Colleague: 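Encoded as structure tokens, here's the structure I'll be asking about.
Chain naming here is simple, since letters A, B, ... match the order of the sequence lines and numbering starts at 1 in each. Source: prediction; values computed, not measured.
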Amino acid sequence: MVAITLPDGSVRPFERAVSGADIAAAIGPGLAKAALFVRVDGEIKDLAHTVDADAKIAIVTVKDKEALTLIRHDCAHVMAEAVKELFPETQVTIGPAIENGFYYDFARQTPFTPDDLPKIEARMKEIIDRDEPIQREVWDRDKAVQFFKDQGEHYKAEIIAQIPIGESISLYCQGKFVDLCRGPHLPSTGKLPKAFKLMRLAGAYWRGDSRNEMLQRIYGTAWANEKDLAAHLTLLEEAEKRDHRRLGREMDLFHLQDIAAGAVFWHAKGWTLYRTVQDYMRRRLAKAGYDEVSTPQLLEKSLWEASGHWQKFRDGMFTTELENQTLGLKPMNCPGHVQIFRHGMRSYRDLPIRMAEFGACHRNEPSGALHGLMRVRAFTQDDAHIFCTEEQIGPETKSFCELLLSVYKDFGFTDMVVRFSDRPKVRAGEDATWDKAEALLLKAAHDAGIETVPNVGEGAFYGPKLEFVLKDAIGREWQLGTLQLDLVLPERLDATYVAEDGQKHRPAMLHRAILGSFERFIGILIEHHAGRMPLWLAPTQAVVATITKAADAHAQAVHAALGDAGIRATIDLSNETINYKVRESSLAKIPLILVVGEREAQDGTVAIRRLGGARQEVVALKDAVAKLAAEAQPPGL
RNA sequence: GCCGGCGUAGCUCAAUGGUAGAGCAUCCGCUUUGUAAGCGGCAGGUUGCGGGUUCAAGUCCUGCCGCCGGCACCA
């Protein structure tokens, strides 16, 4: 006798042990058909799983959120089956569900080509139509290893060999395809929705290690139904339209060129945007008690050796030789800042010292890592280092967090996740120091009203980190700001201050950035706003467009008045229709179009048309300028 | 760096191994226009760079460079 408790609280008795499928069938034929998995006391199992004791049961259908991940996993298996049918010489390895879909890594001599994807997709649909039962079997370890070896599946055999002794080895069979897998899986391939699409091919290292051989990965996206799939594909198109590389070209902001891979050519408009962001940051930092400094680009190797960068990041540094010396182009600003701190005696009365620099740094990023503005070799950080006493770590962290939140808000970002990265395996410093540092940082973040998610073992070797991850308008995540507590570098570079006791002490150092790099931040800004910048950031804030030549003089007066009020405006007196001019400036994503025709010239007014809006507002020139100048003011001024 | 794909006019894209084209933009005319493309015309190219195969290479082979998608990396 087995008592099954259903989600509504009702209890159904069964004579003997039952499977999830039996339970679904007992409830009703509709559910029996829709059933994909069964949840037994919170744990999701195959529908065929036998329940032989009293339990809380829920039948999982495609409507359940958890089902989607499992469906994606099944989709990976069906893909693997299709690949094995089409290309029998291929070895299978692993194929998990991931965000929005799945992938499967294959090993084979000849790589797949993009033409293979539609073929594989078609075969997958055949496999679904065949409705092959998917059956779980538990095998003896040695038998399983031998089986996969006999099949020529050496990767699978290797995976089994590494499963801890005592854990059961489960295999899933569908058609002729047998795969090692923990499961759970659908009862049959026919249950898999056909709402999937194979997206791309990629290389991927076996076990994620670049010393290993490279496998062929196929990525796919999979959803509960066609509608969700279509929505996802639309979202991808949307993301493509927002791509900062595309918008950067269309809006004439910047370009990248072979002759300087990984470095940005900022055009006038892009540089205006850059300077607007930088000027804003400069004001915010000054207000928050930071002192701006500037340190050299090229510094002797001995400094990088002392700081530890030479040992750890030498490959990532650009160097040059000069009269028997090796100089390194700075990859970071901190060692330079410590030199300023060390220059002369520091008293505890001077602390905290908040030293800021818009430091231009160079890092020799691997060629494959470069990506538009997001990953470059030459960039400028909104970097600062706070030298302080241990007691000041808490308050300094708190005020930094507050500054950061306020800055993000001004740029239109409100959705944020903060990761707390604690001690890594390889680290410097005593455990007691780490205990203290981690506790201080965590408490200070919480005092600033910030919730953190743990990011275990991901801290810097010298101290724990807060990482600020923003979500943009279409839900993508970007890591921007960081705060790192460092008790190591002051030691290595011998920074000291004289404390109340007259003795020399080591300051603590907080490495911190809000935007990260200007290049990357501007890339994110462009994508977040889809190029339609808030008025204060728009490189060109307004265009004055005439309808006829008769309005030229008035248009020039309007343009001049806007310029005097500090508004970045251009004027379009060209021999084109107003339709054309509106279209052009709209495509250029200029926030304001001031239309001037004979009527406006006569009345001394302007017609204000906002980007994307259909309505216009006719206002006296003087009022328009005052109103727009106020609107265009950067925040916090 | 590794795997795969790609590189043709400013942009988007054509061109069986056989004379490199189109649309948009630029420029020049005409049109003087009322809220997302008025009309016409001129011009625009060492097909990323270097080798090779061939009577003939944008196309095939090869070496670089760069870009794209991943992987690895990201102080």
Colleague: For B:rC71 and B:rA14, measure between their P atoms and round to the nearest Å.
Modeller: 28 Å
Colleague: In terms of relative ring orientation, are A:H371 and A:H244 parallel, tilted or perpendicular, with 30° and 60° separating the classes?
Modeller: tilted
Colleague: Run the salt-bridge test on A:E491 and A:R506 with the 4.0 Å N-O cut-off and return the result as yes or no.
Modeller: yes
Colleague: Parallel under 30°, tilted from 30 to 60°, perpendicular over 60°: which one fits the rings of A:H73 and A:H77?
Modeller: perpendicular
Colleague: Which part of the nucleic acid, if any, lies within contact of A:E600, taking any heavy atom under 4.0 Å across all strands shown: a base, the sugar-phosphate backbone alone, or nothing?
Modeller: base
Colleague: Are A:D243 and A:R245 ion-paired here, with the side-chain N under 4.0 Å from a carboxylate O?
Modeller: yes
Colleague: Using whole Å, report how far CZ of A:R609 lies from C1' of B:rU35.
Modeller: 5 Å
Colleague: Can you label the angle between the A:F468 ring and the A:F400 ring as parallel, tilted or perpendicular, going by 30° and 60°?
Modeller: perpendicular
Colleague: Any side-chain to backbone donor/acceptor pair from A:K581 onto A:S574? Under 3.5 Å, distance only.
Modeller: yes
Colleague: Rounded to whole angstroms, how far apart are CG on A:D572 and P on B:rA36?
Modeller: 15 Å
Colleague: Please state the C1' separation for the pair B:rU53 and B:rC67 - nearest whole angstrom.
Modeller: 28 Å
Colleague: For B:rC27 and B:rA36, measure between their C1' atoms and round to the nearest Å.
Modeller: 24 Å
Colleague: Which part of the nucleic acid, if any, lies within contact of A:E576, taking any heavy atom under 4.0 Å across all strands shown: a base, the sugar-phosphate backbone alone, or nothing?
Modeller: base
Colleague: With C1' as the reference atom in both, quote the distance from B:rG48 to B:rA43 in angstrom, rounded to an integer.
Modeller: 24 Å
Colleague: Would you call A:R609 and A:E617 a salt bridge, taking side-chain N to carboxylate O under 4.0 Å as the test?
Modeller: no
Colleague: Decide yes or no on salt bridge (charged side-chain N to carboxylate O under 4.0 Å, His left out) for A:E438 and A:R423, but give the supporting numbers first.
Modeller: CA-CA 8 Å; A:E438 286 170 1; A:R423 64 191 79 187; 2.9 Å; yes
Colleague: Looking at every strand, decide which applies to A:K312 at a 4.0 Å heavy-atom threshold: base, sugar-phosphate, or nothing.
Modeller: nothing
Colleague: Over all strands shown, is A:E598 touching base, sugar-phosphate only, or nothing at heavy-atom distances under 4.0 angstrom?
Modeller: base
Colleague: From CZ of A:R249 over to C1' of B:rC11, roughly how many Å is that when rounded to an integer?
Modeller: 7 Å
Colleague: Counting the atoms with a prime plus P, OP1 and OP2 as sugar-phosphate, which does A:R211 contact under 4.0 Å by heavy atoms, base, sugar-phosphate, or nothing?
Modeller: nothing
Colleague: Counting only side-chain N and O atoms of A:Y580, is one of them less than 4.0 Å from OP1 or OP2 of B:rU32?
Modeller: no
Colleague: Do A:E631 and A:R610 meet the salt-bridge criterion of a basic N to acidic O distance under 4.0 Å?
Modeller: yes
Colleague: Is A:E250 salt-bridged to A:R246, going by a charged N under 4.0 Å from an acidic O?
Modeller: yes
Colleague: Can you measure A:L117 atom CG to B:rG4 atom P for me and round it to whole angstrom units?
Modeller: 15 Å
Colleague: Can you build the contact string for nucleotides 67-75 of chain B? Use B for base contact, S for sugar-phosphate-only contact, and - for no protein heavy atom under 4.0 Å.
Modeller: SSBBBBBBB
Colleague: Distance check needed: B:rG4 C1' versus A:F106 CZ, whole Å only.
Modeller: 15 Å
Colleague: So what's the dot-bracket for RNA chain B: Watson-Crick or G-U pairs under 3.5 Å, [ ] if a pair crosses, | if it pairs off-strand?
Modeller: (((((((..((((....[..))))..((((.......))))......(((((..]....))))))))))))....
Colleague: Which value, in whole Å, describes the distance between the P atoms of nucleotides B:rU16 and B:rU26?
Modeller: 31 Å
Colleague: Atom CD1 of A:I593 to atom P of B:rA36: distance rounded to whole Å?
Modeller: 9 Å
Colleague: Using atom P of each nucleotide, how far apart are B:rG40 and B:rG4 to the nearest Å?
Modeller: 49 Å
